[in-house]
Amino acid sequence: MTTATITTTRQSTPSATPATSATPATPAMSATGAVRLAHGDGWFTVCDRGLLTPGRGVSVLLPDGDQAAVFLDRSGRVHAVGNRDPFTGAYVLARGLLGSAGGRPFVASPLLKQRFDLTTGACLDDEDVSVPVFAVRVE
């Protein structure tokens, strides 16, 4: 699985949605358009949607040094969560496997295999653990 670091650029201020809120992924849409993440007080362009591969993730280095894992699921929706695996501290979630449980998309950590809901960030295997979720839009 390929992991790429993508440089971000600051865009206009997002709506009132905080970066770590549980915001639904972008609806399925065409293969073009800029993927943007809400982070801090702005939207940051991370890549063109056409560069994402369905079922795979990429790691994104954010301006503050944090990392996000961005995924294009097989239905064409873009999701973004924190890239740090809270069980190991390693920045590897972008390398995880995508799946679904009860109709909800998740990424399984490539290390210890815990599953994280891509829409809420909740760990499906330990209710006390979660990862941040980034609001995503494709324009």
Side-chain angles (χ1 to χ4, degrees):
M1 186 174 303
T2 303
T3 303
T5 300
I6 302 170
T7 304
T8 59
T9 56
R10 186 180 173 110
Q11 300 296 320
S12 62
T13 303
S15 61
T17 306
T20 56
S21 70
T23 301
T26 61
M29 52 187 62
S30 71
T32 61
V35 175
R36 296 188 173 141
L37 302 183
H39 186 69
D41 62 353
W43 287 94
F44 297 92
T45 301
V46 296
C47 68
D48 186 89
R49 188 189 173 283
L51 296 173
L52 299 175
T53 302
R56 302 226 174 165
V58 295
S59 60
V60 176
L61 181 62
L62 299 170
D64 65 358
D66 199 6
Q67 293 183 26
V70 178
F71 301 94
L72 177 64
D73 69 19
R74 297 199 185 278
S75 67
R77 296 179 188 273
V78 179
H79 305 271
V81 297
N83 194 33
R84 184 177 176 276
D85 179 337
F87 290 94
T88 64
Y91 290 85
V92 296
L93 291 183
R95 296 182 183 185
L97 299 174
L98 294 185
S100 64
R104 300 194 56 99
F106 68 79
V107 61
S109 171
L111 298 179
L112 301 177
K113 310 303 185 240
Q114 284 88 359
R115 300 167 301 153
F116 298 93
D117 187 305
L118 289 173
T119 58
T120 67
C123 179
L124 303 178
D125 303 300
D126 184 338
E127 64 185 33
D128 295 329
V129 179
S130 65
V131 294
V133 174
F134 297 90
V136 177
R137 67 183 183 193
V138 179
E139 298 176 332

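Side-chain atoms are counted along with the backbone in the values below, which use heavy atoms only and exclude waters and symmetry mates. Counting from 1, the numbers follow the sequence of the chain as shown.
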Any donor-acceptor N/O pair, R49 side chain to L72 backbone, under 3.5 Å: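 Not confirmed, R49 side chain does not pair with L72 backbone.
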message: Please check this pair: side chain of D125 against backbone of R115, looking for a donor-acceptor N/O pair closer than 3.5 Å.
response: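 Looks like yes, one N/O pair under 3.5 Å.
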Between atom [atom1] of [X] and atom [atom2] of [Y], what is the distance when rounded to the nearest 0.5 Å?
{"X": "K113", "Y": "L97", "atom1": "NZ", "atom2": "CG", "value": "6.5 Å"}
{"X": "F116", "Y": "D126", "atom1": "CZ", "atom2": "CG", "value": "8.5 Å"}
{"X": "T88", "Y": "Q114", "atom1": "OG1", "atom2": "CD", "value": "8.5 Å"}

Minimum heavy-atom separation for [X] to [Y], with atom names?
{"X": "G121", "Y": "V133", "value": "N-CG2, 3.3 Å"}
{"X": "S130", "Y": "A122", "value": "CB-CA, 4.0 Å"}
{"X": "V35", "Y": "D48", "value": "CG2-C, 4.4 Å"}
{"X": "R56", "Y": "L98", "value": "N-CD1, 4.3 Å"}
{"X": "A69", "Y": "L93", "value": "CB-C, 4.2 Å"}
{"X": "A135", "Y": "W43", "value": "O-CZ3, 3.6 Å"}

query: Would L62 end up clustered with V138 when hydrophobic side chains under 4.5 Å apart are linked, directly or stepwise?
result: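 Yes, one cluster joins them.
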- request: Following the transitive rule for hydrophobic clusters with a side-chain heavy-atom cut-off under 4.5 Å over Ile, Leu, Val, Met, Phe, Trp and Tyr, establish whether L112 and V131 coincide in one cluster.
  value: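 Yes, L112 connects to V131 through the hydrophobic network.
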- prompt: For residues N83 and S59, is any side-chain donor paired with an opposing acceptor at under 3.5 Å?
  reply: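 Short answer, no.
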Any side-chain heavy-atom pair of [X] and [Y] under 4.5 Å:
{"X": "V107", "Y": "F71", "answer": "yes"}
{"X": "L111", "Y": "F87", "answer": "no"}
{"X": "V78", "Y": "V70", "answer": "yes"}
{"X": "P105", "Y": "H79", "answer": "yes"}
{"X": "V60", "Y": "F44", "answer": "no"}

- request: For H39 and D64, run side-chain contact (heavy atoms from CB on, under 4.5 Å): C-alpha distance rounded to whole Å, both residues' side-chain angles, the deciding distance at 0.1 Å, then the answer.
  value: CA-CA 9 Å; H39 186 69; D64 65 358; 2.8 Å; yes
